Amino acid sequence: MSRIDRRFAALKAASRTGLIPFVTAGDPSPAHMVTLMHALAEGGADLIELGVPFSDPMADGLVIQHASERAIAKGVGIDEVLGWVTRFRQRDTETPIVLMGYLNPVEIHGYARFAQEAVQAGVDGVLLVDCPLEEAVVLQPLRAAGLQQILLAAPTTAPERMKSLCEAAEGFLYYVSFAGITGAGQLSTQDIAGRVADVRASARVPVAVGFGIRDAQSAKEIAAFADAVVIGSALVARLAGATEPDDIAGRAKDFLQPIRAALDAG
């Protein structure tokens, strides 16, 4: 079993909802990225989603766009991101790590090279927003190396395509709670609860819900019908501007711990 599969199996056995924080790799401080990653795990993260900075995102709102811009301006790219994962793995060999981003940086790096280096670093999966299932043959070198491809589904996904996604999903299926970008809109749990229930009934893997989750209350509402919650923009905004390692770690833990407590309280 992969680290992702083991973690979700343990969550299911304990009747717990997974907590998946997203942060942009290299923001707010490249020098303290590994400190931030450990703080996320210590704050209650079950899986860490690392955003690979990219200049032309299509799914990210302004908060994450600006975080990517700041990281790129500081020279952050795939090599730096994989280096941080390698260092993180020196202390933490169990927390799964998924790289979230876009196809262009991976293609430039080289699919086979990226796959080999990512696995060696300790990456467990990739979520590439602009590589739909229908074109995923280009990611075969990644899957062959052992990386799980995390697929996206949304309220606008047609039934037949949803069936294909549920059959092909690896690790977990990421359900986008509304049609829009990260950090935007108002989350309506009543609108999506039934849809997520249908997806969970068909999917071979757990279903994580993201987009629009901002705090402990919204996370708890989603936890009533999801296997995991993903929270990104609100966390990235909380971290923005921090420069010292203790401040970065403190902000991350202070943000995640109430959410973790709310999920565990049921």
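None of the values given here were measured: they were computed from a predicted structure. Any value given below was found using the heavy atoms of this structure, including those in side chains, with hydrogens, waters and symmetry copies removed. Heads up: numbering here begins at 1 and tracks the sequence.
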With [X] via side chain to side chain donor-acceptor pair (under 3.5 Å) - residues at least two apart:
{"X": "E244", "answer": "none"}
{"X": "D198", "answer": "none"}
{"X": "R91", "answer": "E42"}
{"X": "Y111", "answer": "none"}

Find the distance between [atom1] ([X]) and [atom2] ([Y]) and round it off to the nearest 0.5 Å.
{"X": "L47", "Y": "L19", "atom1": "CG", "atom2": "CG", "answer": "10.0 Å"}
{"X": "Y175", "Y": "M162", "atom1": "OH", "atom2": "CE", "answer": "5.5 Å"}
{"X": "C131", "Y": "Q149", "atom1": "SG", "atom2": "CD", "answer": "5.5 Å"}
{"X": "L128", "Y": "L151", "atom1": "CG", "atom2": "CG", "answer": "10.0 Å"}
{"X": "M100", "Y": "I64", "atom1": "CE", "atom2": "CD1", "answer": "7.0 Å"}
{"X": "L133", "Y": "L152", "atom1": "CG", "atom2": "CG", "answer": "11.0 Å"}

Would you find a donor on one side and an acceptor on the other, under 3.5 Å apart, between the side chain of [X] and the backbone of [Y]?
{"X": "S68", "Y": "Q65", "value": "no"}
{"X": "T24", "Y": "G51", "value": "no"}
{"X": "R87", "Y": "M33", "value": "no"}
{"X": "R214", "Y": "A234", "value": "no"}

Inset, instruction - Check side chain to side chain contact (heavy atoms under 4.5 Å, CB included) between P245 and all other residues, then give those that pass, not counting sequence neighbours. - result: H32, T35
How would you list all residue pairs meeting salt bridge (charged side-chain N to carboxylate O under 4.0 Å, His left out) that involve [range], not counting sequence neighbours?
{"range": "residues 93-108", "value": "R6-E94"}
{"range": "residues 132-153", "value": "E134-R161"}
{"range": "residues 65-74", "value": "D27-R70"}
{"range": "residues 117-127", "value": "R3-D124, R89-D124, R113-E117"}

Side chain to side chain, [X] and [Y], heavy atoms closer than 4.5 Å:
{"X": "V98", "Y": "I20", "answer": "no"}
{"X": "I97", "Y": "M37", "answer": "yes"}
{"X": "Q148", "Y": "D5", "answer": "yes"}
{"X": "R260", "Y": "L263", "answer": "yes"}

Legend entry - Heavy-atom closest pair, residues I78 and P105: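 It is CD1-O, 3.4 Å.
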Legend entry - Nearest heavy atoms of V176 and P155, plus distance in Å: O-CD, 3.0 Å
Legend entry - Listed once per pair and sorted, the ring pair (Phe, Tyr, Trp, His ring centres under 6.0 Å) pairs that draw on residues 67-92, sequence neighbours left out: H38-F88
Mind listing the side-chain donor-acceptor pairs of residues 9-18 below 3.5 Å, one per line with the distance, residues two or more places apart or on another chain?
residue, atom, partner, partner atom, Å
R16, NE, D264, OD1, 3.3
R16, NH2, D264, OD1, 3.4
R16, NH2, D264, OD2, 3.4

Legend entry - ring pair (Phe, Tyr, Trp, His ring centres under 6.0 Å) partners of F54, counting only residues at least two apart: Y102
Legend entry - Cluster link M1 to L173, ILVMFWY, side chain under 4.5 Å: no
Legend entry - Steps toward side-chain contact (heavy atoms from CB on, under 4.5 Å) verdict (L82, L99): CA-CA 10 Å; L82 296 181; L99 299 187; 4.0 Å; yes
